[in-house]
Amino acid sequence: MDKNLHDRIALVTGGAQGLGEAICLRLAREGAHVVVADLNLERAEQVAAEIVAQTGRRALAVRVDVTDEGQVEGMVRRTLDEFGRLDVLVSNAGILIAEGVDEFPADRWRAVVEVNLVGYFLCAKHAARVMKAQKSGAIIQINSKSGKQGSYKSSAYAASKFGGIGLTQSVALELAEYGVRVNAVCPGNLLDSPLWVDSLYKQYAKKWGITEEEVRQKYIEQVPMRRGCTYEDVCNVVVFLASDQSSYMTGQAINVTGGQEMR
């Protein structure tokens, strides 16, 4: 079977769990060798082992705090030491803290922006140095529908994601002449993810005085296609943007929202 990413070298931040883990495994199935980067090194090592066992591709686990430039630079250096090049960066590491704007502690607001926006900048910066020299590469940010529209009591998250789209477009303009493409993916609500199943349904059910199933249905009804976003939905677009099939696309923020967001 043809592999869209045969022998490409892919680096995924936040790759040890959830969507990041799914992206790592999918890139490997598409033929890539994968660097699994995460704060949780033990879990990153488990994902790397799964990649090797399931796909036969090479994998490397790296501990990184994306807000620490020294660690980001070291992550990219280890990738080059192990694989000799870097073809795909997926900037997936992110956090969400929700508070009303009049109650939001400034340090927690800044923390969201530091991880989601400054962390993306640092990863793109050090990947760009490698990719410019190669005259090739793809940088992909995992953004959100909250990068296109405001999010209730999530001002820090939305601000970081709006900023991420501006950063994506700006870096795309800088790197186009070097054959490096920069795009973002904006998923809708991942209603079957651990974040929702283990946390958000319970929180919203208690807050609104309804059942967890009613919470789920409430969010599904907001989507024209009447279902939540899945990891596979997002991974399909990530693979496309990482591959030569999207060779004439840069500076884009692709919605994967079932029609919930169309801008």
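Because the structure is predicted, anything quoted here is derived from the model rather than measured.
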Does the structure place the NZ or CZ of Lys202 under 6.0 Å from the centre of the six-membered ring of Trp196, at an angle of no more than 45° from the ring's axis?
no
Quick one: are Lys145 and Asn189 in side-chain contact, heavy atoms under 4.5 Å?
yes
Salt bridge Glu30-Arg8, side-chain N to carboxylate O under 4.0 Å
no
Please say whether more than 12 non-hydrogen atoms of neighbouring residues, nucleotides or ligands are located less than 6.0 Å from CZ in Arg110.
no
For the pair Arg58 and Glu82, find out whether any cationic side-chain nitrogen is under 4.0 Å from an anionic carboxylate oxygen.
yes
Check the orientation of His33 and Phe83. Use parallel for under 30°, tilted for 30 to 60°, and perpendicular for over 60°.
parallel
N/O donor-acceptor pair under 3.5 Å between Lys3 side chain and Arg29 backbone:
yes
Got Leu89 and Ile140 here, is their nearest side-chain heavy-atom distance under 4.5 Å?
no
Can you check whether Phe240's main-chain N or O pairs, donor with acceptor, with Ser243's side chain at less than 3.5 Å?
yes
Contact between Asn143 and Ile165 at the side-chain level, heavy atoms closer than 4.5 Å - yes or no?
yes
Please check if the side chain of Gln134 supplies one atom and the backbone of Leu86 the other of a donor-acceptor pair under 3.5 Å.
yes
Assess whether side chain to side chain donor-acceptor pair (under 3.5 Å) is satisfied between Asn255 and Thr257, documenting all intermediate values.
CA-CA 6 Å; Asn255 297 324; Thr257 67; 5.4 Å; no
Take a 6.0 Å sphere around NZ of Lys206 and say whether it holds more than 12 heavy atoms from other residues, nucleotides or ligands.
no
Evaluate the ring planes of Tyr204 and Tyr219, with Trp represented by its six-membered ring, and classify them as parallel (under 30°), tilted (30 to 60°) or perpendicular (over 60°).
parallel
Could Arg181 and Glu174 be called an ion pair, given the rule that one side-chain N must be under 4.0 Å from one carboxylate O?
no
So do Leu175 and Val182 actually touch side chain to side chain, heavy atoms under 4.5 Å?
yes
Within the structure provided, determine whether Glu73 and Lys125 are in side-chain contact (heavy-atom separation under 4.5 Å).
no
Ignoring hydrogens and angles, tell me if any N or O in the side chain of Asn92 forms a donor-acceptor pair with the backbone of Gly14 under 3.5 Å.
yes
With no hydrogens and no angle check, is any side-chain donor or acceptor of Lys161 less than 3.5 Å from a backbone partner on Ile142?
yes
If the threshold is 4.0 Å, N to carboxylate O, is there a salt bridge linking Asp192 and Arg227?
no
Ala253 and Cys186: which non-hydrogen atoms are nearest, and at how many Å?
CB-SG, 4.0 Å
Using distance alone, with no hydrogens and no angle criterion, decide if Ser160 and Asn116 have a side-chain donor and acceptor under 3.5 Å apart.
yes
With heavy-atom distances below 4.5 Å as the criterion, would you say the side chains of Val62 and Val36 are in contact?
no
Just by distance, with hydrogens left out, do Ser247 and Asp244 show a side-chain donor and acceptor under 3.5 Å apart?
no
Is the shortest side-chain heavy-atom distance between Ile51 and Leu25 below 4.5 Å?
yes
Which atoms form the tightest heavy-atom contact between Pro194 and Tyr231, and what is the distance?
CD-OH, 3.2 Å
Do you know the tightest heavy-atom contact between Lys132 and Val180?
N-CG2, 4.2 Å
Would you confirm whether Ser154, through its side chain, and Tyr157, through its main-chain N or O, come within 3.5 Å as a donor-acceptor pair?
no
Atom pair SG (Cys24) and CD (Gln17), whose distance is rounded to the nearest 0.5 Å:
11.5 Å
Identified side chain to side chain contact (heavy atoms under 4.5 Å, CB included) counterpart of Val90 within the set Leu27, Thr13, Leu11
Leu27
Is the backbone of Asp233 close enough, under 3.5 Å, to the side chain of Thr230 for a donor and an acceptor to pair up by distance?
yes
Do Val234 and Val185 come close enough that some side-chain heavy atom pair is under 4.5 Å?
yes
Quick one: pull up CG in Leu80 and CE in Met75 and give me the separation to the nearest 0.5 Å.
10.5 Å
For Glu99, I'd like to know if atom CD has over 12 heavy atoms of other residues, nucleotides or ligands within 6.0 Å.
yes
To the nearest 0.5 angstrom, please state how far the CZ atom of Arg26 sits from the CG atom of Leu5.
9.0 Å
Derivation of the side chain to side chain contact (heavy atoms under 4.5 Å, CB included) call for Asp81 and Arg77
CA-CA 6 Å; Asp81 289 344; Arg77 189 184 312 113; 4.0 Å; yes
Would Arg263 and Glu261 pass as an ion pair if we require N to O under 4.0 Å?
yes
Check: Arg43 main-chain N/O paired with Asn40 side-chain donor or acceptor under 3.5 Å:
yes
Could you tell me if Tyr120 and Thr168 have a donor-acceptor pair between their side chains, going purely by distance under 3.5 Å?
yes
Mark yes or no for whether Gln252, through its side chain, and Thr250, through its backbone, hold a donor-acceptor pair below 3.5 Å.
yes
ILVMFWY network linking Leu195 to Ile23, side-chain heavy atoms under 4.5 angstrom
no
Let's go through Val64 and Asp38 carefully: what are the C-alpha distance in whole Å and the side-chain angles of both, what is the deciding distance for side chain to side chain contact (heavy atoms under 4.5 Å, CB included) to 0.1 Å, and is it a yes or a no?
CA-CA 5 Å; Val64 67; Asp38 202 282; 5.9 Å; no
Would you say the side-chain atoms of Gln141 pair up with the backbone N or O of Ala184, donor to acceptor, closer than 3.5 Å?
no
Ring-face cation of Lys135 near Tyr178 (centre distance under 6.0 Å, axis angle within 45°)
no
Between CD of Glu214 and CD of Glu221, what distance do you get to the nearest 0.5 Å?
10.0 Å
